[in-house]
Amino acid sequence: MASLRPFLSVSPFSHAPKRTRFANVLNAPSPSASSLPFKLVAARKRFVVRGDAVVDAGTTASIGDLKDDDDQAVILGSATDEELSGGSTVEYDWTEEWYPLYLTRDVPEDAPLGLTVFDKQLVLYRDGTGELRCHEDRLAKLSEGQLIDGKLECLYHGWQFEGEGKCVKIPQLPSDAKIPRTACLRTYEVRDSQGVVWVWMSLEKPPTLKKIPWFDNFERPGFRDNSTIHELPYDHSILLENLMDPAHVPISHDRTDFSARREDAQPLGFEVTERTNRGFAGRWGRAKEPALSNFLRFEAPCVLQNNREIPNEKGAVDYFTGLFLCRPTGQGKSMLIVRFGSTRSSLLLKLLPSWFIHQNACKVFEQDMGFLSSQNEVLMREKVPTKELYLNLRSSDTWVLEYRRWMDKVGHGMPYYFGHATISLPKLPAVVEHAPVGLVAGASASAPAKGGIGTMHSPNLSNRYFRHIIHCRSCSNVIKSFQTWNKALSAIAVTLVALAILVSGRQWKALVLLSAALCCGGAYACSAIVALNTTNFIRTHRRL
């Protein structure tokens, strides 16, 4: 994430070759033995199905075995590596975790918000006292409803609910009838911590408050952060894998900002310092540098942070954090809260408006989107663990392998997962819900990345407007403001042109026309800013 890593400009990201996917290599025509870059084995890896899970049968060779002795030095995945990371499963229940729902500042004050965790649909809102409330959404979606006097109302039949989930009004019931207890809502516990709304997904066990993640750097004096939220069209495990893969940054995000350059692509060094049932941690940096200056920590269920400490000229230490809070939102979908911050003030970041930083973050995700969404499709189609598809390099993919092996340990306690050696496929297909739109927007939704007319409002997660703008209050307000200024300046420009025709004096006519030209320029600038914030980034060779 090049544009989202300002602290790494001190030591730009380095790079090693991206891990290669071998989806069909074992089914390819057999070349001569002398032409193979690795040793060919007699049989393909076998897997057995236990319930809904596919587990490693361990009898024949996989992609990891198709390598000679020289390859062992650069490729991860040997038996020794597996023994080091541990292969046994542990008890895990995905509902007994806190999941990041939304940035607190972006929760609407006057409307409910529909969100999901895995395949559980939720509705989040503020009641009459401003307290955050969360319930299980219903078949007739309450998230499409409205708030009346602090009560949540379904806009289909007018049922109303209080903050605790109690149904207090059913217009269709006789006046002397009691409201059935079954009409009440299932309620989930939510907490606001360090500017993020977290939800406890278990309805059976009370919430464990000590499990709410806490980030020390965000409480340090002088720490300032820039936070964005994005909805993305691929699985949360693929998103996390992408975020813990620094090797791709110089290539995929070349020149997106000052921290990513192709010429900085080089081997990375990794040191795993901690492995637990809840995640892992370690240091990483350029392989040629003795000190690994970046510290990465992954913590269940989906929290990833990258920290760095740099001594400054005053003898003190500046703290930098890149925080990624991922939420699974159903197969093939995820939502991400990105928070970058530092105790060191930057004049450039102070001068840049937040909407500019946000649109640059959107560009970064769009640069990776084609790779990651197709990766999601391949995982679903091939139905095999990632070790059958990945070639993990020691100098770039250590965190990716650690994460997939962690999934092997705990994935049995999730609705679905893709592990290094085991998988459990989703029972439900990917569903992308479309918002009501007009004819033009609906037609353009089929190919939003092509830049067709109406793409700003295309109901598609590959469209920037629906991925970010509708979730970000500040960007939404900026878009509305610039659209208003665009219309106002255009109207003034037309009026001034008409006035110039009527005035007789040459000097007055020139002054009025100059004013009209300035208004036209302002209107164009407003339109350009709206386009900058709402138009997808498309690589040059992909543009029509």
Donor-acceptor contact below 3.5 Å, side chain [X] vs main chain [Y]:
{"X": "Arg278", "Y": "Ala300", "answer": "yes"}
{"X": "Asn242", "Y": "Ile238", "answer": "no"}
{"X": "Asp264", "Y": "Pro250", "answer": "no"}
{"X": "Asp254", "Y": "Arg262", "answer": "yes"}
{"X": "His230", "Y": "Ile337", "answer": "no"}
{"X": "Thr116", "Y": "Thr329", "answer": "yes"}

Original post:
In this structure, which one of Trp214, Phe215, Phe218 forms a side chain to side chain contact (heavy atoms under 4.5 Å, CB included) with Ser193?
Top reply: Trp214
Subject >> Intermediate values then yes/no, side chain to side chain contact (heavy atoms under 4.5 Å, CB included), Thr256 and Phe537 >> reply: CA-CA 11 Å; Thr256 299; Phe537 168 85; over 6 Å; no
**OP:** Output every pair passing salt bridge (Lys or Arg N to Asp or Glu O under 4.0 Å) with a member in residues 210-219, not counting sequence neighbours, ordered by first then second residue.
**Re:** none
Report yes if the side chains of [X] and [Y] come closer than 4.5 Å at any heavy-atom pair, otherwise no.
{"X": "Met369", "Y": "Arg467", "answer": "yes"}
{"X": "Trp98", "Y": "Pro207", "answer": "yes"}
{"X": "Phe270", "Y": "Arg394", "answer": "no"}
{"X": "Asn376", "Y": "Gln331", "answer": "yes"}
{"X": "Pro213", "Y": "Pro100", "answer": "no"}
{"X": "Met335", "Y": "Leu232", "answer": "no"}
{"X": "Thr321", "Y": "Tyr319", "answer": "no"}
{"X": "Tyr390", "Y": "Leu401", "answer": "no"}

Of the non-hydrogen atoms in [X] and [Y], which two are nearest, and what is the gap between them?
{"X": "Gly285", "Y": "Asn294", "result": "CA-ND2, 4.2 Å"}
{"X": "Val364", "Y": "His253", "result": "O-CE1, 3.2 Å"}
{"X": "Leu391", "Y": "Asp397", "result": "O-OD2, 3.9 Å"}
{"X": "Ser334", "Y": "Leu239", "result": "OG-CD2, 3.7 Å"}
{"X": "Leu336", "Y": "Val338", "result": "CD2-CG2, 3.4 Å"}
{"X": "Asp106", "Y": "Ser474", "result": "OD1-N, 4.5 Å"}

Please identify each residue that fulfils salt bridge (Lys or Arg N to Asp or Glu O under 4.0 Å) with [X], with sequence neighbours left out.
{"X": "Glu274", "result": "Arg297"}
{"X": "Glu263", "result": "Arg255"}
{"X": "Lys205", "result": "Glu96"}
{"X": "Asp225", "result": "Arg339"}

**OP:** Please lay out, stage by stage, how Arg191 and Trp200 fare under the test side chain to side chain contact (heavy atoms under 4.5 Å, CB included).
**Re:** CA-CA 9 Å; Arg191 293 290 187 275; Trp200 177 260; over 6 Å; no
Interatomic distance, [X] atom [atom1] to [Y] atom [atom2] [nearest 0.5 angstrom]:
{"X": "Trp198", "Y": "Asp192", "atom1": "CH2", "atom2": "CG", "value": "11.0 Å"}
{"X": "Leu379", "Y": "Gln375", "atom1": "CG", "atom2": "CD", "value": "5.5 Å"}
{"X": "Gln359", "Y": "Thr534", "atom1": "CD", "atom2": "OG1", "value": "10.5 Å"}
{"X": "Tyr102", "Y": "Leu122", "atom1": "OH", "atom2": "CG", "value": "13.5 Å"}

Can you name the residues that form a side chain to side chain donor-acceptor pair (under 3.5 Å) with [X], not counting sequence neighbours?
{"X": "Ser354", "value": "none"}
{"X": "Tyr99", "value": "none"}
{"X": "Tyr416", "value": "none"}

Subject >> Stepwise side chain to side chain contact (heavy atoms under 4.5 Å, CB included) test for His358 and Asn226 >> reply: CA-CA 9 Å; His358 288 199; Asn226 191 291; 3.4 Å; yes
Could you list the residues that satisfy side-chain contact (heavy atoms from CB on, under 4.5 Å) with [X], not counting sequence neighbours?
{"X": "Leu304", "answer": "Leu240, Leu243, Met244, Leu296, Phe298, Phe324"}
{"X": "His412", "answer": "Thr89"}
{"X": "Val197", "answer": "Leu101, Thr104, Val107, Leu124, Leu132, Val190"}
{"X": "Ser252", "answer": "His248, Gln367, Asp368, Phe371, Arg539"}

Subject >> Criterion side chain to side chain donor-acceptor pair (under 3.5 Å) on Ser237 and Arg404, from CA distance to verdict >> reply: CA-CA 9 Å; Ser237 67; Arg404 292 298 179 181; 3.2 Å; yes
Subject >> Atom NZ of Lys120 with >12 non-hydrogen neighbours under 6.0 angstrom >> reply: no
**OP:** Report, as yes or no, whether the 6.0 Å neighbourhood of atom CZ on Arg105 holds more than 12 heavy atoms from other residues, nucleotides or ligands.
**Re:** yes
Subject >> Verdict with reasoning, Asp235 to Phe418, per side chain to side chain contact (heavy atoms under 4.5 Å, CB included) >> reply: CA-CA 10 Å; Asp235 188 72; Phe418 303 95; 4.2 Å; yes
Subject >> Worked verdict on Tyr92 versus Glu97 for side chain to side chain donor-acceptor pair (under 3.5 Å) >> reply: CA-CA 10 Å; Tyr92 186 79; Glu97 297 281 8; 3.2 Å; yes
